[in-house]
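This report refers to the structure that appears directly beneath it.
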Amino acid sequence: MDGIQTVFKFFLNQKTTIGYSFMALLTVGGERIFSMVSFQCPCNKSQNFIYGFVFIVGPALVLFIVGYFLSSRTWKLFTGCCLDPRKLCPKGNSCNCVYVFAQITVGACIPPAMWLTVALLNGTFYECAVSGLENNHVVDLFCKGKTDTCRAELPRVPCGKSSLSPEDNQELLLMLRAQSQILGWLIVCIATVMGLIGTCYKNCRSQVSYLQLKFWRKYIEKEKEQFDCYATEYATKLADRNLKSFFENKDPEAFPFPSHSSWEDIS
Amino acid sequence: MDGIQTVFKFFLNQKTTIGYSFMALLTVGGERIFSMVSFQCPCNKSQNFIYGFVFIVGPALVLFIVGYFLSSRTWKLFTGCCLDPRKLCPKGNSCNCVYVFAQITVGACIPPAMWLTVALLNGTFYECAVSGLENNHVVDLFCKGKTDTCRAELPRVPCGKSSLSPEDNQELLLMLRAQSQILGWLIVCIATVMGLIGTCYKNCRSQVSYLQLKFWRKYIEKEKEQFDCYATEYATKLADRNLKSFFENKDPEAFPFPSHSSWEDIS
Amino acid sequence: MDGIQTVFKFFLNQKTTIGYSFMALLTVGGERIFSMVSFQCPCNKSQNFIYGFVFIVGPALVLFIVGYFLSSRTWKLFTGCCLDPRKLCPKGNSCNCVYVFAQITVGACIPPAMWLTVALLNGTFYECAVSGLENNHVVDLFCKGKTDTCRAELPRVPCGKSSLSPEDNQELLLMLRAQSQILGWLIVCIATVMGLIGTCYKNCRSQVSYLQLKFWRKYIEKEKEQFDCYATEYATKLADRNLKSFFENKDPEAFPFPSHSSWEDIS
């Protein structure tokens with residue numbers, strides 16, 4: 001029994017890791033489903049680019065916005081700021097507000113970066129998008145050393161229905177996929193390097209030591225949990241009191257309750 | 001045992017997420033069933049558009065109205081407002097009433113938006129609808145670079161029974177599907193962006209801080225639960241008393257009961 | 001029951017070994033998945049090298065950075081060092097700081113070294129990368145004793161689509177794979193030898209005896225565990241106190257808490 005508890009505790013401590021792994025699995029699964037079920041390159045000069053582009057950028061945009069939605073810090077920052085704009089920058093300088101907003105944005109960037117990586121490593125969307133480009137330099141680059149029909153037939157390459165020889169077609173496809181995967185790895189590398197530099201910088205500017213930081217992080221987590229508990233308990237009590245007084249047609253009893261300004265303070 | 005409790009609590013907290021996932025699954029499943037079992041494009045110039053349009057817009061309209069039905073706020077707003085129109089706007093200004101109505105409408109828009117997205121991402125309905133359009137510009141756009149029979153044969157393309165070559169037919173189908181999916185992604189992106197802006201604006205105008213808002217949301221939820229409990233209990237007691245007095249032919253005992261006006265107030 | 005406890009204890013003591021085995025399995029599995037699902041050599045003179053190189057070096061770089069991220073010593077070193085650069089070198093000399101940083105770097109090198117080994121022992125990535133080299137000496141080395149077309153056809157060898165005779169093609173492939181595996185074994189050997197020398201040197205310079213060192217290592221581990229326990233306990237208590245005082249609108253009770261400077265000392 002003790003062993004199971006240890007194992008369970010271990011997994012509870014790895015909550016963030018599990019969360020991110022789950023997100024990564026979802027992204028990979030979603031990409032698989034989209035590229036299998038839904039994605040079919042139109043192989044049409046005028047539509048290829050916009051179609052591929054929509055499948056690469058659309059889900060990334062949606063995930064980016066969902067990232068903002070799910071971050072409770074977004075709402076902490078924005079709640080009530082129209083009526084009282086001073087709340088955005090409580091210390092008088094606008095620096096803090098920009099800093100918090102940047103933090104939220106960076107957090108919201110993780111899921112779209114995952115999507116871009118997975119989509120580019122797979123390569124189907126990129127093949128379709130790039131084969132529809134009308135820029136002459138790009139087309140010349142692809143068709144170097146090929147027959148003249150290559151230029152006109154390029155948009156049909158992803159469907160395998162071009163009038164080029166099967167070898168040329170296969171070669172073009174492999175080239176496009178290789179470019180896509182190189183781009184994907186570049187995004188991964190740049191994102192991890194930037195993540196390391198950003199986290200270093202953030203920790204570097206911290207005024208407390210590492211262990212104290214660790215303690216405060218634990219405290220904040222516990223406070224959130226306890227707040228939910230207390231809020232539920234007090235809400236239940238308050239609802240109970242109000243409804244009882246309503247049904248029994250009596251005046252409600254007094255109830256200790258925090259004032260409006262103290263709510264403002266803790267937020 | 002503690003672990004199971006934690007897991008269970010976690011899922012209880014994710015009620016909204018689970019609800020929306022379930023709704024999304026239902027929409028996808030419904031769309032699959034419709035497009036497999038029920039939908040068969042008539043491939044007829046005069047009917048294609050109206051048939052496809054009905055399958056795209058019909059369920060969306062039904063879901064929109066069901067959304068109104070399932071929102072308890074709709075009934076809170078409208079109940080009794082014919083006999084006493086002042087109830088719609090208790091504060092004298094009609095602004096509040098319009099605001100609540102807009103909130104309900106936005107909530108009711110989510111399921112139809114889901115349907116439109118799923119239906120357009122699949123593309124079957126759109127193919128049928130657009131291939132029946134009689135607008136010359138649209139038809140010219142589709143048939144650019146094709147033989148002259150394309151114009152006449154376009155409505156038969158979704159059935160694969162046109163007299164065009166199979167390649168041209170396939171190409172037209174892919175083009176239509178691509179347009180449909182691009183439209184679908186556009187709807188998703190616009191909906192999420194508008195959702196973010198709307199929620200931001202709503203939170204921004206809130207007079208209380210984020211944590212207080214969180215507490216009140218919990219309170220309202222608890223009050224609803226408790227109200228159901230209390231109502232059941234008092235209704236049982238009241239029924240018991242009235243029936244007992246009826247069968248025993250005695251006058252009913254006094255029963256503490258809220259007055260009509262206090263019912264009006266809490267609604 | 002006692003037996004299970006013994007087995008469990010044994011595995012708990014082998015935490016490091018299990019961690020490394022798990023990491024090795026993950027690396028091997030990841031390499032298999034990449035080279036099966038994702039990797040397809042473009043067989044194109046201008047892209048072969050960069051494509052193969054990206055698949056060898058990209059994941060190694062990502063794993064290297066993740067290694068820094070997961071090391072708590074990185075954060076112990078960097079936290080707060082911008083505001084107070086003296087913290088990096090508490091003893092006045094910069095030697096200690098460099099030494100700690102080197103230790104972290106060595107630790108972060110283990111996963112990328114694993115990846116390089118696995119990738120080179122498999123050989124697919126290396127084949128593709130080297131066959132695209134444009135250096136004349138390298139190409140001469142590969143094509144010694146082959147026909148003149150070998151130079152031009154070398155980039156197509158990994159795909160098996162070169163115009164060379166199948167025997168020559170197979171021979172070239174085997175040669176490339178052999179080189180890759182020799183390189184892989186070299187990395188393994190060098191890494192283990194360097195690891196042995198490094199650990200010897202570190203132990204050699206230690207001022208305490210072996211058993212004392214073993215004791216201190218166990219002490220440090222236990223201290224970390226106990227710190228987590230205590231931190232959790234105190235954070236819970238503190239959160240409890242603060243929230244209670246908030247909801248009941250009372251002043252919080254006094255709470256014994258370590259001062260800022262003592263946090264600095266223990267870090």
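Note on naming: letters A, B, ... go to the chains in the order of the sequence lines (proteins, then strands), and numbering restarts at 1 for each one.
- Looking at B:L174 and A:C41, their side chains never come closer than 4.5 Å, going by heavy atoms from C-beta outward.
- Taking chain B as the reference chain and counting heavy-atom pairs below 4.5 Å, the highest number among A:S46, A:P59, A:C43, A:G58 is found for A:P59.
- Nearest approach of B:T192 to A:I65, heavy atoms of both residues: O-CG2, 3.6 Å.
- Classification of the B:W185-A:F34 ring pair by plane angle, with boundaries at 30° and 60°, yields tilted.
- Remark: A:Y20 OH is loosely packed, at most 12 non-hydrogen atoms of other residues, nucleotides or ligands lying under 6.0 Å away.
- Between the CE atom in B:M175 and the CD atom in A:Q47 there is a gap of 6.0 Å [rounded to 0.5 Å].
- Within 6.0 Å of atom CE in A:M23, more than 12 heavy atoms from other residues, nucleotides or ligands are found, so the atom counts as buried in its surroundings.
- How far CZ of A:F53 is from CD1 of B:I182: 11.5 Å, rounded to the nearest 0.5 Å.
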